[in-house]
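By convention in this document, chain letters (A, B, ...) are assigned in the order of the sequence lines, proteins followed by strands, and residues within each chain are numbered from 1. Side chains are part of it too, since the values below use all heavy atoms of this structure and drop only hydrogens, waters and symmetry mates.
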There are 2 protein chains.
Amino acid sequence: MTDHISTAQQEFLALIGAASEAEGKSRISGQIIALLVFEGRALSFGELAVALGVSRGSISTNTRTLEARGVLARVQRSGERQDYFELVDVHSATLLREISQRLDRTGTGIEDICARLSHSGGDSGHGACARLRDYAAFHHIVAKAIATASDEIEGKTAHLRPGDSVE
Amino acid sequence: MTDHISTAQQEFLALIGAASEAEGKSRISGQIIALLVFEGRALSFGELAVALGVSRGSISTNTRTLEARGVLARVQRSGERQDYFELVDVHSATLLREISQRLDRTGTGIEDICARLSHSGGDSGHGACARLRDYAAFHHIVAKAIATASDEIEGKTAHLRPGDSVE
DNA sequence: CGGTTTGTTCAATTCTGACTGAACGGTAGA
DNA sequence: TCTACCGTTCAGTCAGAATTGAACAAACCG
C-alpha cells in the first residue's frame with residue numbers, strides 16, 4: 001500500500017517537476033513544493049534531500065529562493081537541529097501574484113520604450129508606438145486577470161484545512 | 001530619426017526576447033513576434049533573418065513552430081519567391097489559450113494520479129489525495145481565468161480588422 | 001540544361017544554468 | 001575544548017536546449 005502511495009508520489013513529482021521546468025523554473029524547486037503538498041506536513045532539510053534524491057547543496061539554494069519568494073517558510077523545532085520547511089498557506093496565490101507582477105513590469109517596460117520613442121522621434125514612429133501600447137495593454141490585462149485569480153484563490157486557501165472543497 | 005526608431009526596436013526586441021526566455025520559450029521566437037508587432041506589416045523570411053541577426057535555419061524552425069501554434073501565418077506574394085509572415089490578429093489570445101490548456105492538462109494529470117491512488121491504495125493515501133485535488137483545482141481555476149482573459153482580448157483585437165469574418 | 005534563390009533538415013557546436021560535491025563556518029552537546 | 005551535525009557557498013561538471021552552418025531538394029529564370 002505504501003507502494004501505491006510512493007509510485008503516485010513519484011508520478012506527482014515527475015509531473016510537477018516537468019511543469020516547473022516548462023515555465024522556466026528549476027525542476028527541484030517545483031518538486032520541493034510538490035513534495036510538501038503531497039505530504040501535507042513540514043519536512044526537514046534532510047528529508048527533502050533524501051526523498052528527492054538530490055544533493056544538500058541543491059536543497060539549500062532552492063529552499064532559500066522559495067523562502068525569499070514567499071512560497072515556503074523555514075521553521076525551527078525545539079530540540080531538533082535540522083531546519084524544517086512548510087508551505088505558506090497562500091503559496092499558490094503568491095506564485096500567481098509573482099507572475100502578475102512580472103507581466104505588469106514587462107507592460108510598463110514596453111510603455112517606457114514607446115514613451116522615449118514618441119518623445120524623441122517625432123511622429124515617424126507613431127504607428128509602431130500605437131502597436132506597442134496595445135501590446136503593453138495586453139500584458140496589463142493578463143496581469144490583472146491573474147491578480148484577480150490570485151485573490152480568489154487566496155480567499156479560498158487562507159486558514160482552510162487541506163481537503164476542504166474549493167468548488 | 002530612424003536612429004531613434006531602431007534603438008527603440010532593439011530595446012523592444014531585447015525586452016520581449018528576455019521575457020520569452022523567462023517563460024520557457026526560445027529567444028528568437030519571442031523576437032519574431034516582437035518584430036512583427038513593431039513593424040506592423042508582413043515580413044519576409046530574409047528580412048527576419050537579417051533584422052534579428054540569426055541564421056536562416058533558426059528562422060525556419062521558429063517560424064514553423066509559431067505557425068503550428070497558430071501565432072503567425074505564412075503568406076505568399078505573387079511574383080515574390082520569398083515567404084512572408086504576418087501575425088494572426090488574435091495571436092495574443094492564442095498564446096493565452098495555449099497556457100490555459102497546459103494548466104488544465106496539468107490539473108487533470110494530477111487528478112488522474114489521485115484517482116489511481118485512491119482506487120488501489122485504500123484510504124491510506126486519503127489525505128494526500130485531498131490535497132492533490134485541491135492542487136488540481138488550483139490549476140483549473142487559473143486556467144479558467146486565463147481563458148476568460150483570452151476571450152476578452154480576442155474580442156478586442158478581432159474587431160480591429162475591417163470586414164472581418166468569424167472563423 | 002546550368003545557375004540562383006529559397007526553405008528545410010540535421011549533425012555539430014555553443015551556451016546557459018541546473019546540479020554536484022567538497023570545503024567552510026556555525027552551533028549544540030559532551 | 002573536541003566532536004558531530006547542519007546549512008551555505010562556490011568552483012567544477014554536466015545535460016539539454018538553442019543556435020549554427022552546410023548539405024539538400026524544390027522552384028524559378030536565363
Side-chain angles (χ1 to χ4, degrees), chain A residues 10 13-36 42-69 71-86 102, chain B residues 13-36 42-69 71-86 98 102:
Chain A
Q10 290 305 315
L13 292 180
L15 182 66
I16 303 302
S20 180
E21 282 183 339
E23 61 190 63
K25 317 279 181 184
S26 79
R27 181 176 50 93
I28 293 183
S29 71
Q31 292 190 334
I32 289 174
I33 298 175
L35 193 57
L36 288 170
L43 294 176
S44 73
F45 192 100
E47 279 176 309
L48 288 176
V50 171
L52 298 181
V54 298
S55 73
R56 300 165 62 79
S58 292
I59 297 296
S60 178
T61 24
N62 281 283
T63 51
R64 272 184 148 263
T65 59
L66 287 174
E67 202 182 353
R69 288 165 60 197
V71 177
L72 53 78
R74 188 180 302 248
V75 294
Q76 308 293 340
R77 293 196 172 174
S78 56
E80 294 242 26
R81 291 175 60 180
Q82 272 191 104
D83 290 351
Y84 278 76
F85 300 95
E86 65 185 7
R102 188 172 57 218
Chain B
L13 291 180
L15 182 65
I16 303 303
S20 179
E21 281 183 340
E23 61 190 63
K25 317 278 182 184
S26 80
R27 181 176 50 93
I28 292 183
S29 72
Q31 292 190 334
I32 289 175
I33 298 175
L35 193 57
L36 288 170
L43 294 176
S44 73
F45 192 99
E47 280 177 311
L48 287 176
V50 172
L52 298 181
V54 298
S55 74
R56 300 165 63 78
S58 292
I59 297 296
S60 178
T61 27
N62 280 284
T63 50
R64 274 174 91 74
T65 59
L66 287 173
E67 201 181 354
R69 287 164 61 195
V71 177
L72 51 79
R74 188 180 303 245
V75 296
Q76 309 292 341
R77 291 195 173 175
S78 57
E80 294 241 27
R81 291 173 58 182
Q82 271 190 103
D83 290 353
Y84 278 73
F85 299 95
E86 65 184 8
E98 192 176 278
R102 189 172 58 216

N/O to N/O distances under 3.5 Å, protein versus nucleotides 20-22 of chain C:
residue: C:dT20; atom: OP2; partner: A:Ser55; partner atom: N; Å: 2.9
residue: C:dT20; atom: OP2; partner: A:Ser55; partner atom: OG; Å: 3.1
residue: C:dT20; atom: OP2; partner: A:Ser58; partner atom: OG; Å: 2.7

Worksheet item: Near DNA chain C, under 4.0 Å by heavy atom, which residues of residues 16-25 of chain B?
Response: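 DNA chain C contact set from residues 16-25 of chain B: none.
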
Rounded to the Å, how far apart are [X] [atom1] and [N] [atom2]?
X	N	atom1	atom2	answer
A:Asn62	C:dG17	CG	P	15 Å
B:Phe85	C:dG7	CZ	P	7 Å
A:Leu66	C:dA18	CG	C1'	14 Å
B:Glu67	C:dG7	CD	P	12 Å
B:Glu80	C:dT6	CD	P	9 Å
B:Arg27	C:dT14	CZ	P	16 Å
B:Leu43	C:dG7	CG	P	13 Å

Discussion item. Under the salt bridge (Lys or Arg N to Asp or Glu O under 4.0 Å) definition, can you give me all pairs with a residue in residues 72-82 of chain B, not counting sequence neighbours?
Written reply: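 Passing the test, one end in residues 72-82 of chain B: B:Glu67-B:Arg74, B:Arg74-B:Asp83.
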
Fill in: Pairs touching residues 42-54 of chain B that satisfy salt bridge (Lys or Arg N to Asp or Glu O under 4.0 Å), sequence neighbours left out
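Listed once each, the pairs are B:Arg41-B:Glu47.
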
Between [X] and [Y], which heavy-atom pair has the shortest distance, and what is it?
X	Y	result
A:Ser44	A:Gln82	OG-OE1, 3.4 Å
A:Ile59	A:Thr63	O-OG1, 2.6 Å
B:Val75	B:Phe85	CG2-N, 4.5 Å

Discussion item. Holding to side chain to side chain contact (heavy atoms under 4.5 Å, CB included), I want the full list of residues that pass it with B:Ser58, two or more places apart in sequence or in another chain.
Written reply: B:Ile28, B:Val54, B:Ser55, B:Asn62

Under 3.5 Å, side-chain donor or acceptor atoms of residues 14-25 of chain B against the rest of the protein: list the pairs with distances, not counting sequence neighbours.
residue: B:Ser20; atom: OG; partner: B:Ser26; partner atom: O; Å: 2.7
residue: B:Lys25; atom: NZ; partner: B:Glu98; partner atom: OE2; Å: 3.2

Worksheet item: Residues two or more places apart in sequence or in another chain: which of them pass side chain to side chain donor-acceptor pair (under 3.5 Å) with A:Glu86?
Response: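 A:Glu86 satisfies side chain to side chain donor-acceptor pair (under 3.5 Å) with no other residue.
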
Worksheet entry | Partner residues of A:Thr65 under the side chain to side chain donor-acceptor pair (under 3.5 Å) criterion, sequence neighbours left out |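 Side chain to side chain donor-acceptor pair (under 3.5 Å) list for A:Thr65, sorted by chain: empty.
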
Fill in: Any A:Leu13 side-chain heavy atom under 4.5 Å of A:Leu35 side chain
yes

Practice prompt. Identify the 5'-most and 3'-most nucleotides of DNA chain D with at least one atom closer than 4.0 Å to a non-hydrogen atom of chain A.
Written response: D:dA4 to D:dT9

Response to the item:
Rounding to 0.5 Å, atoms CG (B:Leu48) and OH (B:Tyr84) come to a distance of 10.5 Å

Fill in: Distance (rounded to the nearest 0.5 Å) between A:Ile32 CD1 and A:Leu43 CG
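Output value for this atom pair is 10.0 Å.
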
Practice prompt. Would you mind classifying the nucleic acid contact of B:Ser60 as base, sugar-phosphate or nothing, using non-hydrogen atoms under 4.0 angstrom?
Written response: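 Base, at least one base heavy atom under 4.0 Å.
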
Practice prompt. Apply side-chain contact (heavy atoms from CB on, under 4.5 Å) to the pair B:Ile33 and B:Leu72, showing each step before the final yes or no.
Written response: CA-CA 8 Å; B:Ile33 298 175; B:Leu72 51 79; 5.5 Å; no

Restricting both atoms to N or O, compile the protein contacts to nucleotides 25-28 of chain C shorter than 3.5 Å, with distance only.
residue: C:dT27; atom: O2; partner: A:Arg81; partner atom: NH2; Å: 2.9

